[in-house]
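Shown next, in structure tokens, is the structure this report addresses.
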Amino acid sequence: MRKTTLALAFALIASTAGAETLEERFVTCQGCHGEKGQSATEYTPSLGGQQAPYALIQLFMFREKLRVFEPMNDMAKALTDDDLRNFSDFIAKLPKPAPPADAGEPARMQRGETLAKQYLCNNCHNRDFSGKENVPRIANQREDYLVKTLGEYKDNSRHGYDGTMADVMGSVTKEQIADLAYYIARVR
């Protein structure tokens with residue numbers, strides 16, 4: 001599945017090379033991140049409603065290979081600074097992900113909410129997890145992506161532009177990561 005998705009993304013890059021509008025250029029991103037930025041691809045984040053400053057920083061980090069994920073590094077390498085700003089603003093205007101129809105198992109939702117308060121997630125990500133400035137929107141993000149990302153911060157295989165998330169995740173267990181991701185993916 002992953003190879004098929006990457007092949008589709010690269011085919012879309014080739015087909016949109018002459019595209020001029022941001023909407024036309026965003027078609028390439030939809031190959032992995034979904035229509036209107038709502039990902040249906042395993043371990044791939046939804047981009048819709050992401051904070052523009054956060055998206056800008058991430059795109060810059062991909063372009064400069066400060067954050068390494070080969071498909072994104074390849075996609076971002078030709079982007080100018082203006083492209084980065086324009087894409088970031090465009091992403092911020094896409095519809096934010098909606099919570100799944102399933103409100104979640106009440107006991108597990110309670111555990112996740114308790115953990116989110118314990119680890120002060122709402123201090124940086126806002127009470128509704130909408131993010132702010134250079135802090136990402138995580139509300140209703142894909143659960144599998146949240147588990148993956150939180151695990152990477154914990155094992156220090158994903159580096160942010162500062163060490164905040166690595167510090168926060170240091171004492172969080174794998175079971176707690178699963179409950180946090182479950183809750184944040186379904187928060188209402």
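FYI, the numbering just counts along the sequence from 1. Here the structure is a predicted model, which means the values were calculated and not measured.
- With hydrogens and angles ignored, the 3.5 Å screen pairs no side-chain donor or acceptor of Gln141 with any backbone N or O of Ile138.
- In this view, Ser171 and Tyr119 satisfy the side chain to side chain contact (heavy atoms under 4.5 Å, CB included) rule, not counting sequence neighbours.
- Between Gly131 and Asn126, the shortest heavy-atom distance links the atoms O-ND2, 2.8 Å.
- Residues His33 and Thr41 have side chains not in contact (no heavy-atom distance under 4.5 Å, counting atoms from C-beta outward).
- The OG1 atom of Thr80 lies 3.0 Å from the CG atom of Asp83; values are rounded to the nearest 0.5 Å.
- Residues Arg25 and Leu79 form a side-chain contact, since some pair of their non-hydrogen atoms from C-beta on lies under 4.5 Å apart.
- No more than 12 heavy-atom neighbours from other residues, nucleotides or ligands sit within 6.0 angstrom of CZ on Arg127.
- Not counting sequence neighbours, the partners of Asp89 by the side chain to side chain contact (heavy atoms under 4.5 Å, CB included) test are Ala52.
- Surrounding CD of Glu23 are more than 12 heavy atoms belonging to other residues, nucleotides or ligands, all under 6.0 Å away.
- Judged purely by atom type and a 3.5 angstrom limit, Asp162 uses its side chain to pair as donor or acceptor with the backbone of Thr164.
- Checking side-chain atoms of Gln51 against main-chain N and O of Ser130 turns up a donor-acceptor pair under 3.5 Å.
- Salt bridge annotation for Arg142-Glu42: absent, with no cationic side-chain nitrogen under 4.0 angstrom from a carboxylate oxygen.
- The closest side-chain heavy-atom distance from Leu59 to Met72 is below 4.5 Å.
- The nearest pair of heavy atoms linking Tyr145 to Arg158 is OH-NH1, 3.1 Å.
- Rounded to the nearest 0.5 Å, atoms CZ (Arg111) and CD (Gln118) are 13.5 Å apart.
- Remark: Phe26 engages Phe90 in a ring-ring contact (aromatic ring centres under 6.0 Å, His included) (not counting sequence neighbours).
- Remark: Lys132 NZ is packed, more than 12 non-hydrogen atoms of other residues, nucleotides or ligands lying under 6.0 Å away.
- With sequence neighbours excluded, the residues forming a side chain to side chain contact (heavy atoms under 4.5 Å, CB included) with Ala103 are Arg188, listed by chain and number.
- Checked by atom type and distance alone, the side chain of Asn140 pairs as donor or acceptor with a backbone atom of Val187 at under 3.5 Å.
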| request: Output, in order, the C-alpha distance, side-chain angles, deciding distance and verdict of side chain to side chain contact (heavy atoms under 4.5 Å, CB included) for Thr149 and Met165. | output: CA-CA 10 Å; Thr149 301; Met165 282 302 297; over 6 Å; no
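- For Phe62, the ring-ring contact (aromatic ring centres under 6.0 Å, His included) test picks out no residue, with sequence neighbours left out.
- A distance-only check finds no donor-acceptor pair linking the side chain of Lys77 to the backbone of Arg63 [under 3.5 Å].
- Remark: side-chain polar atoms of Gln38 are paired, donor with acceptor, to backbone N or O of Lys36 under 3.5 angstrom.
- Taking CG from Asp81 and CZ from Arg85, the interatomic distance works out to 5.5 Å, rounded to the nearest 0.5 Å.
- Nearest approach of Arg67 to Asn73, heavy atoms of both residues: O-ND2, 2.9 Å.
- Residues Tyr153 and Val68 are members of separate hydrophobic clusters, defined by side-chain heavy-atom contacts under 4.5 angstrom among Ile, Leu, Val, Met, Phe, Trp and Tyr.
- The distance from the CG atom of Asn123 to the NE2 atom of His125 is 10.0 Å, given to the nearest 0.5 Å.
- For Gln50, there are no side-chain hydrogen bond (donor to acceptor under 3.5 Å, both in side chains) partners two or more places apart in sequence or in a different chain.
- Listed here is the closest heavy atom pair of Ser39 and Pro45: CB-O, 3.5 Å.
- Side chain of Asp144 to backbone of Tyr43: a donor-acceptor contact under 3.5 angstrom is found.
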| message | Could you go through Asp155 and Lys174, starting from their C-alpha distance and side-chain angles, then the distance that decides it, and tell me whether this counts as salt bridge (charged side-chain N to carboxylate O under 4.0 Å, His left out)? | response | CA-CA 11 Å; Asp155 71 17; Lys174 282 187 175 186; over 6 Å; no
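- In this structure, the separation between CG on Leu115 and CD on Glu175 is 11.0 Å, given to the nearest 0.5 Å.
- Tyr54 and Leu66 fall within the same hydrophobic cluster, where Ile, Leu, Val, Met, Phe, Trp and Tyr residues are linked whenever their side-chain heavy atoms come under 4.5 Å apart, directly or through other members.
- For the atom pair CG of Leu150 and CE of Met169, the computed distance is 4.5 Å after rounding to the nearest 0.5 Å.
- For Tyr182 (side chain) and Glu105 (main-chain N/O), a donor-acceptor pair under 3.5 Å exists by modelled atom type.
- At least one side-chain heavy atom of Ser157 sits under 4.5 Å from a side-chain heavy atom of Glu152.
- Minimum heavy-atom separation, Leu146 to Ala185: CD1-N, 3.9 Å.
- Scanning all heavy atoms of the two residues, the minimum distance from Cys121 to Leu180 falls at SG-CD2, 4.3 Å.
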